[in-house]
Visitor: 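Just dropping this structure here.
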Amino acid sequence: MAKGKSNTATLKQRDHKTISKLVQLADDVARKALAGREPKLDIPTRTKSNTLWNKKRGILEMGSATAERELFNLNQAKQFMQTMLHASTIKDLVEAGKTASLRGVFYKAKHTVAGTRENTFDTQDESDPILEDLEVALGSLREELHIFAENRGAMVGNITVVDKGDEIDCRRMGSGGYAMPSIVEPDVIQFKKCEAKFVLHVEKGTVWNRFNEDRFWEKNNCVLTHGSGQPPRGCRRLLQRLNQELGLPIICLLDCDPWGHYIYSVIKQGSISLAFESTRLAIPEARFLGIRAKDYKECGLPEAVKIDLTENDVKRAKEILAYPWFEDNRAWQKEIQGLLNNGFKMEVESLIAKDISYVTEEYVPQRLKAKDWLD
Amino acid sequence: MNAVVEAPVAEPKVETKVVKKREAARATAETMAARQRDISVSEFFAKNRHLLGFDNPRKALLTTVKEAVDNSLDACEEAGILPDITVVLEDLQPDRPASAKSSRYRVTVVDNGPGIVRKQVEHIFGRLLYGSKFHRLKMSRGQQGIGISAAGMYGLITTGKPMAIYTRPDARKPAHHIELAINTKTNRAEVTQDRETKEFPPARLRELSASTRRLAAEGTLLSAESHPTGTSVSIELDGKYQRGRGSVDEFLELTAIANPHARIAFVRPTRTTDEEEDTPLLKPRPAAPSPADAGPAAEPAPAAPAVTEDLGDLVVFPRAVNELPPETKEIQPHPKGIELGILLQMLKEAELEKPGGSLYHFLQEKFCRVSPASASGFCEKIGVTSRTKVADIDHAMAERLFKELQDSKLPPPPTDCLAPIGVQQMLKGMFKGVRAEFYAASSREAAIYRGRPFLIETAIAFGGELPADEPSRVIRFANRVPLLFQQSACSSFKAVTETNWRNYDLQHPRGALPIGPLVIMLHMASVWVPFTSESKEAIADYDEIRKEMKLALMECGRKLGTYLRKRLRMKRESERRDIFERYIGEITQAIHAINNTDAKKLYEALQAQAKKRTAIADLQLDEEGKALRDEDPADQEGVIIVETGAVSPAATPIEPAPTRAGGVRLKPDEGPALLDLEPQTRRAGARKARSGGRPSSKAGASPARPRADLSDIPGGKPTKAEAAALSVNAAQRSEEVPSKPVKPRLRLDPKTGKLAPADDGPRLF
């Protein structure tokens, strides 16, 4: 604490704002308590019902509904306490000018409740949503709260970035690529030099390895990224900045299954749980290159690549089919219907069945040339 | 074979042989007549002693004690004397090998009853089927007049020793000392010793052990002053003393519960049979304050409520109420309670008694509830006039009369012939003998079976030190006599298993006894208790009886249910408060860290809100249900609640705890209130503090706080998370909705899990 206070002088403008928001939150609770009123927090709800589809902007936005979090409610008492604990933890972080991972914050706030054997938090799964609650309640972004997630996803390509002052040439990243950090705001990462004409985002590291090994980004002059499945915030934010600031089209190569379609949907419109950040994360211009339901026939794939749709997949596909942002998109209706008609799904790797480099040398270049993608 | 069939004549010898054999083996009517003679009842029972409860040495010992104690209690009550009974068991072969299956004991039972006039002694003790109780319909313990003389006979058979009787029927005259043996052939006593003595009660009995000497010196054991009249019976017999179920100990324990007006002292034998399975209702008090230690200054315990005192070699069941049970009246049989043969017998006897008497008068005099109008009605119906003589009634007419009597609409027999133990008395008896936390009792109105009035009473004791996970214990009584055997054959057992205890928040496997820390007492009072056998061990299963038993049990069960639900609510409320309080410390610290708010003030403010809100929240919750009225279970009639500071592990003695009832909150030092209660007070409760509990050790229970950042926040308050249990919706008041058995939740010691109140939770009673 003492150390944190000595740092206060050097705090950035943004951090002052965060701290004053936290103090405000605490003041409000204390004021109510001392006045004999019930302490409550207003937490904007992060549910589907409170998510609005902004058709004009092509992104999901959070509605205005909030839920009260009460101390004197058996179901909410613990969460109330957890929220206050995290608020206090965050204030320490911001004042000290340090950042902590989600797991780090969990451990910092985790202890035994005085006089009991009960933990303040039992698992990180309890802690993470509380932090998101605080983000929306304070209206602060995660990086403003000095919290980051695990690094996930990688990038290579004809681009040079500056990360915390270090120049990173993404052309010379070997086989592993540049690990995309969790916080990629302009004050951390700046784009220095970019020759690439587009970004190819693939679903997983394994596929990304194939493209990197075949030097696809060199031959096609692009940036190659992956997000380890569902892309984390850092990855999505970086893609969004590449799109917004450098004007690079984002082309996605994802599996032909509901999960792949959902990843595309999140990249394009934003997610329900992070709807409040859609303006920073969603890329309405993102395009879906493949794998397409028609590819089984078009590419002449062997029988062995089929993976049967499970009951759950069918249910999920129908949900996606009904999303308002897919509802009046005829191409997408056709695509998802095609998946359901096929009755099987296909992974990007299935193209390897044809030839080891078929996907990098024929499939993607041909489709790009033909502009055969879904929007 | 074929040869015989084909040539029967050829072998006539065979035939004659057969005839001769038959003559030798078979008796003629004459020879049989020569052997036919009276079987003495004494002889019969000497051979069939199991019918009277002398099946084995252990039971023989018990039966002997039981018969003597029953007789003593009956005699005292009839004479209007508060019974003071001393039972002494002496082991006469203390040096026997450990392998011995039985030993020789001398059973002595001394009472302060009216004594027995000298000339009756032989009859009472020396003849079977001689008694005052068989011929009348009156509520009493003994019925057939078999008991004590059968015990004497058993002793005689097994040891050859006569019974020794000391009796003083007149306080101003010396006592008689008589020794007699029963002659099994003649069913008459043979007196071997007959003298007068000034020594009553026998002084020898005061010198048996250190405890007897001490109590005798204090004047509380067998003093001459307390026995101006009385009787002492000693029987030597082959027996076995072993504690546990069906023991002398249990019998006396239960007798004391059902007879709170009696004081019973029990001197145990010096040596017991090795294998002991002990299941006393009342565990020996761990730190029983010995009266000797208390010194002479200690008052002879008038202040403390009567609680059984176990000194090891001597147990004293004190008197808990000072009123005798109401005197019972003898009644004539009710017409509906007799059989044809009995009617014929009665007609014959009436003719002998009063030759020439009329049927009209016979009906009115020999039966109860037959008015002049109904008597003439009966005469008319069988076609005779009211002047028809008893002698003129033939068999066919008697049969018609019998039928008319059975079909008639006569009022039920009077019930003033029954003496219930009484709600207050049962509560005091249970309180004395069972260490529980909740006691309830109820007494039904009299009812009728087979034309005989009877009355059912029940009491229950719950919680406290009773074992929580075992089937509950049923203690059964008939006319205040404990029934120790054949439980499952008894009507009362069936009544208990058929009652739906789940309605009262107890676990209850189908067709079995409810599970839980529960003792159920059932008492049947009747002028004639229908036993299933002569050894009087189980009540016969009449529908009317079982129905009354179930109704009585339900009454007690409802009281228990109210209490349990109330306790549940308390627990839930304290648990809610607990959860809030647990988090308030953390929240206060967090807020203090953020904006530097005065932590202590904030903590207190939140704490105050938590207190207020748990009360409010609870009320709201109840209203959601069926508008639960805030009723105090102690307001019910026939209930005692012992408030336990800490009933945690089953073995801890109950803290000196305030009890309260009838809406009055009493302080622990008002202990004697229970004894002072008017007998007629219908309000049950009274409170009392039990002495002898260990001092509470709450101090030091507070766990160290793991975080000590802010020492000024009292955030390390010890919580009851461990003891907190369950949240069953206790708002269900309706008897029809069966509540789930209470299951422990959270981290909870499975032992205390049941329903033990939280360690130091708020007391809301």
Side-chain angles (χ1 to χ4, degrees), chain A residues 1 4-5 18-41 69-95 108-121 134 138, chain B residues 572-573 575-599 601-614 616-618 621 701-711 713-722 724 727 746-747:
Chain A
M1 276 282 269
K5 271 181 187 136
T18 307
I19 286 173
S20 82
K21 282 179 182 171
L22 284 166
V23 171
Q24 225 178 327
L25 181 87
D27 282 349
D28 182 52
V29 172
R31 200 175 47 246
K32 280 180 182 151
L34 292 173
R37 281 181 293 135
E38 182 172 4
K40 284 179 198 168
L41 298 172
R69 179 159 297 169
E70 300 167 348
L71 166 59
F72 294 112
N73 176 327
L74 275 192
N75 299 324
Q76 298 175 358
K78 188 165 189 184
Q79 287 176 332
F80 186 96
M81 172 203 66
Q82 291 171 332
T83 314
M84 297 316 295
L85 281 180
H86 271 340
S88 150
T89 308
I90 289 164
K91 190 185 175 229
D92 285 357
L93 280 177
V94 175
E95 279 181 339
K108 190 162 186 306
K110 180 185 177 201
H111 58 256
T112 314
V113 176
T116 69
R117 265 181 269 151
E118 184 185 354
N119 283 328
T120 51
F121 294 93
L134 271 172
L138 298 172
Chain B
R572 196 185 46 191
E573 185 158 352
E575 188 195 51
R576 287 162 57 85
R577 178 165 304 170
D578 216 51
I579 289 173
F580 296 147
E581 285 181 352
R582 208 180 313 159
Y583 298 146
I584 285 173
E586 296 287 335
I587 290 166
T588 309
Q589 289 181 31
I591 291 176
H592 172 83
I594 297 171
N595 65 2
N596 220 9
T597 307
D598 182 336
K601 261 194 191 160
L602 182 58
Y603 182 85
E604 280 162 8
L606 287 171
Q607 186 87 340
Q609 276 203 52
K611 286 232 161 73
K612 209 171 95 195
R613 268 165 214 289
T614 38
I616 293 168
D618 203 54
L621 232 164
S702 162
R705 295 173 61 206
R707 288 166 99 212
D709 323 7
L710 291 162
S711 51
I713 298 179
K717 197 182 172 301
T719 91
K720 295 130 245 169
E722 272 88 340
S727 56
L746 293 179
R747 278 168 248 136

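Quantities reported herein were computed from a predicted structural model and do not represent experimental measurements. Letters go in sequence order (proteins before strands), and every chain restarts at 1. Side chains included, hydrogens not; waters and symmetry mates left out as well; all remaining heavy atoms used.
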Visitor: By a 4.5 Å heavy-atom criterion (distance strictly below it), what part of A:Thr120 contacts chain B: side chain, backbone, both, or neither?
Guide: side chain

Visitor: Quick check on A:Lys32 against chain B: is it the side chain, the backbone, both or neither that has a heavy atom closer than 4.5 Å?
Guide: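 Looking at A:Lys32, just its backbone touches chain B.
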
Visitor: Report which part of B:Tyr583 has an atom under 4.5 Å of a heavy atom belonging to chain A: side chain, backbone, both, or neither.
Guide: both

Visitor: Is there side-chain contact between A:Gln82 and B:Glu586, with at least one heavy-atom pair below 4.5 Å?
Guide: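 A side-chain contact under 4.5 Å is absent here.
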
Visitor: Would you call B:Gln609 and A:Leu71 a side-chain contact if the rule is heavy atoms closer than 4.5 Å?
Guide: no

Visitor: Quick one: are the ring centres of B:Tyr603 and B:His592 less than 6.0 Å apart?
Guide: no

Visitor: With only heavy atoms counted, which part of A:Glu38 is less than 4.5 Å from chain B, the side chain, the backbone, both or neither?
Guide: both

Visitor: Over 60° means perpendicular and under 30° means parallel, so tell me whether A:His86 and A:Phe121 are parallel, tilted or perpendicular.
Guide: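 Ring orientation, 0 to 90° scale: parallel.
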
